[in-house]
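To find a chain, count down the sequence lines: A is the first, B the second, and so on, and within it residues start at 1. What you are looking at is a predicted structure, and each value in this text was computed from that prediction instead of being measured.
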Protein chains: 2
Amino acid sequence: MPDQLSQTFSALADPTRRAMLAHLSKGEANVSDLAKPFLKDMSLPAITKHLKVLEKAGLVTKTREAQWRPCKINSEGLKDVADWMEQYRMFWEESFDRLEAYLKTVTANDKKKGKKNAKKSK
Amino acid sequence: MPDQLSQTFSALADPTRRAMLAHLSKGEANVSDLAKPFLKDMSLPAITKHLKVLEKAGLVTKTREAQWRPCKINSEGLKDVADWMEQYRMFWEESFDRLEAYLKTVTANDKKKGKKNAKKSK
DNA sequence: TGGTTAATTAACTTATCGGTTAATTATGTG
DNA sequence: CACATAATTAACCGATAAGTTAATTAACCA
């Protein structure tokens, strides 16, 4: 049901999963390695589920090696997020001048088309 | 659930909310302006709820002007995401050389402990 | 005053999420 | 073989997310 990007954002909306990703940013790890920091707080099946979410989100790939499942970061998911973010760069880079200039051009267009936006009073 | 970054990612994990944000990237808009493209698919209260999610996530700020509620993008939330993303830049920028070099330094530590592929734990 | 527009709140339903325990599948080893 | 280790699957549960309809608040207008 959900599009890929939604799945990716959804996967990142959990501190445990982000921590697992941070762990993997240091290199490959198998499931029990990833689980270790969390086994005081949750069970191993919970970790398996989190990993599956990360996989489906395109953030992690899991392979097999005997009974182990080495995991590593999959850059695809991160790239999708980074690409989406790009369109908002001017907002989070506090370049106020460029932002105001940009918004001014948009507003100018609206005026031409006679759009009475949120501009009606004051 | 309670940490800010999770809330922000969670807010972005919905195509309707991302579309509303895209709309707001063109300038301020009232609730009904934002709702218009979606009123075939969902009710106005649904939009109100989506907006509230975006607000709590620090992605949108809503003010009052008579009976209207002009909304605009709040860069704080976007900045939080962008900052978090930074630590993974080397992955989604396919600079394979640097990535491999980096991972090699991390793996070198493991090799000292005799790890071939993250094989052991304990 | 009464009516219209903009938006929110309340109450409710349904589906999904994040976790659990118990059982199961693989693989390697004495 | 028996057994331990690594990880997954199954079945279940409570909380929350996303939507609905109906009612309500708030401001403007004639």
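Across the protein-nucleic acid pair, Leu34(A) atom CG and dT8(D) atom P stand 10 Å apart, rounded to whole Å. Atom-to-atom, CD of Gln7(A) to P of dT16(C) comes out at 12 Å; the value is rounded to the nearest Å. One atom, CD1 of Ile47(A), and another, P of dT5(D), lie 19 Å apart when rounded to the nearest Å. As a whole-Å value, the separation of Lys56(B) NZ from dT16(D) C1' is 12 Å. Distance Glu65(B) CD to dA27(D) P: 13 Å, rounded to the nearest Å. As rounded to whole Å, 15 Å separates atom P of dA6(D) from atom CG of Leu51(A). Nucleotide dA6(D) holds its P atom 8 Å from the NZ atom of Lys36(A), rounded to whole Å. Summarising the geometry, the separation between CG on Asp14(B) and P on dA18(D) is reported as 6 Å, rounded to the nearest angstrom.
Using bins of under 30°, 30° to 60° and over 60° for the plane-to-plane angle, the ring pair Phe9(A)/Trp84(A) lands in the perpendicular bin.
Using a cutoff of 4.0 Å between basic side-chain nitrogens and carboxylate oxygens, Lys52(A) and Glu55(A) are not scored as salt-bridged. By the 4.0 Å N-to-carboxylate-O rule, Arg18(B) lies close enough to Asp3(A) to be salt-bridged with it.
For Arg17(A), whose side chain is taken as the heavy atoms from C-beta onward, the closest listed nucleotide among dT8(C), dG18(C), dA18(D) is dG18(C).
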So which protein nitrogen or oxygen atoms get under 3.5 Å of nucleotides 20-23 of chain C's nitrogens or oxygens?
{"residue": "dT20(C)", "atom": "OP1", "partner": "Ser43(A)", "partner atom": "N", "Å": "3.3"}
{"residue": "dT20(C)", "atom": "OP2", "partner": "Ser43(A)", "partner atom": "N", "Å": "2.7"}
{"residue": "dT20(C)", "atom": "OP2", "partner": "Ser43(A)", "partner atom": "OG", "Å": "2.6"}

Got a list of protein N/O to nucleotides 24-30 of chain C N/O distances below 3.5 Å?
none

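OP1 or OP2 of dA7(D) has not a single side-chain nitrogen or oxygen of Thr48(A) nearer than 4.0 Å. For dT8(D), the OP1/OP2 oxygens have a side-chain nitrogen or oxygen of Lys62(A) closer than 4.0 Å. Listed pair His50(B) / dA17(D) fails the phosphate criterion, with no side-chain N or O lying under 4.0 Å from OP1 or OP2.
For the pair Leu12(A) and Leu21(A), the minimum side-chain heavy-atom distance is below 4.5 Å. Side-chain contact between Val31(A) and Leu34(A) is absent, with no heavy atoms from C-beta onward closer than 4.5 Å. In this structure, the side chains of Val81(A) and Tyr88(B) stay at 4.5 Å or more apart for every pair of heavy atoms. No side-chain heavy atom of Val60(B) sits less than 4.5 Å from a side-chain heavy atom of Met20(B).
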Inset, instruction - Please test Leu51(B) against Thr48(B) for side-chain contact (heavy atoms from CB on, under 4.5 Å), starting from the C-alpha separation and ending with a verdict. - result: CA-CA 5 Å; Leu51(B) 256 175; Thr48(B) 296; 5.7 Å; no
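Listed by first then second residue, pairs satisfying salt bridge (Lys or Arg N to Asp or Glu O under 4.0 Å) with a partner in residues 66-81 of chain A read Lys79(A)-Asp83(A), not counting sequence neighbours.
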